Amino acid sequence: QVELVESGGGLVQAGGSLRLSCAASGRAGVTFSSYRMGWFRQAPGKAREFVAGVNWGGEYKYYAESVKGRFTISRDNTKNTVYLQMNSLKPEDTAVYYCAANRGYGHIMDGKNYDAWGQGTQVTVSS
């Protein structure tokens with residue numbers, strides 16, 4: 001099982017940028033590159049929603065329509081880390097952001113397909 005720890009959240013003004021990081025660790029034999037990775041978010045009173053996902057090698061990336069053109073997901077398998085670069089932030093991007101790891105298959109946008117989750121990092125965008 002992989003363990004995930006997010007960092008990089010904070011308070012930013014609308015139009016600003018943040019870069020979230022998610023570091024993975026696990027028992028011997030767990031290989032980060034064997035996991036597809038995703039970012040999800042949950043705003044107060046709302047359901048968790050998919051934000052971005054990336055395949056094992058980083059070649060294929062998927063985004064929610066609401067963040068396309070503003071957010072970029074990337075991964076560095078040598079550092080066991082996945083990133084979410086968030087530009088042109090809006091107040092509606094305010095949420096707790098979670099990274100998640102998917103060992104198997106299934107739709108990358110469906111949170112039910114993920115096997116491990118981080119504790120979350122708060123992102124607050126002021127208007």
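This structure is a prediction, so every number in the text was calculated from the model and none was measured.
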Check for me, please, whether [X] and [Y] land in the same ILVMFWY cluster - side-chain distances under 4.5 Å, paths through other members count.
| X | Y | result |
| --- | --- | --- |
| Leu4 | Val82 | yes |
| Val125 | Met86 | yes |
| Ile73 | Val51 | yes |
| Tyr98 | Tyr62 | yes |
| Val54 | Val2 | yes |

Could you tell me which non-hydrogen atom of [X] sits nearest to which non-hydrogen atom of [Y], and how far apart they are?
| X | Y | answer |
| --- | --- | --- |
| Ala14 | Ser127 | CB-CA, 4.4 Å |
| Ser88 | Arg70 | O-NH1, 3.0 Å |
| Ala95 | Ala43 | CB-N, 3.8 Å |
| Arg36 | Gly106 | NH2-O, 2.5 Å |
| Gly111 | Trp117 | O-CZ2, 3.5 Å |

Nearest 0.5 Å please: distance from the [atom1] atom of [X] over to the [atom2] atom of [Y].
| X | Y | atom1 | atom2 | answer |
| --- | --- | --- | --- | --- |
| Arg75 | Cys99 | CZ | SG | 11.0 Å |
| Ile108 | Met37 | CD1 | CE | 10.0 Å |
| Ser33 | Asp76 | OG | CG | 11.5 Å |
| Lys112 | Asn102 | NZ | CG | 13.5 Å |
| Gln122 | Leu11 | CD | CG | 9.5 Å |
| Gln1 | Asp115 | CD | CG | 6.5 Å |

Can you say whether the rings of Phe71 and Tyr97 are parallel (under 30°), tilted (30 to 60°) or perpendicular (over 60°)?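 The arrangement is tilted - the two ring planes meet at 30° to 60°.
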Is a side-chain donor or acceptor of Asn113 paired with a backbone partner of His107 at a separation under 3.5 angstrom?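 Side chain of Asn113 to backbone of His107: a pair is present.
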Is the backbone of Trp56 close enough, under 3.5 Å, to the side chain of Asn77 for a donor and an acceptor to pair up by distance?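 Yes; judged by distance alone, with no hydrogens or angles, the pair exists.
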Beyond-backbone contact of Arg41 with Val123, side-chain heavy atoms, under 4.5 angstrom: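 Of all side-chain heavy-atom pairs linking Val123 with Arg41, none is under 4.5 Å.
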So, using ring-ring contact (aromatic ring centres under 6.0 Å, His included) as the criterion, who are the partners of Phe32 when residues are at least two apart?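 Residues passing ring-ring contact (aromatic ring centres under 6.0 Å, His included) with Phe32: none at all.
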Under 6.0 Å between the ring centres of Tyr114 and Phe40? yes
When Leu84, Thr121, Val96, Leu20 are each screened for side-chain contact (heavy atoms from CB on, under 4.5 Å) with Glu6, the one that passes is Thr121
Thr72/Tyr63 under side chain to side chain contact (heavy atoms under 4.5 Å, CB included): CA gap, chis, key distance, verdict: CA-CA 8 Å; Thr72 302; Tyr63 297 96; 3.8 Å; yes
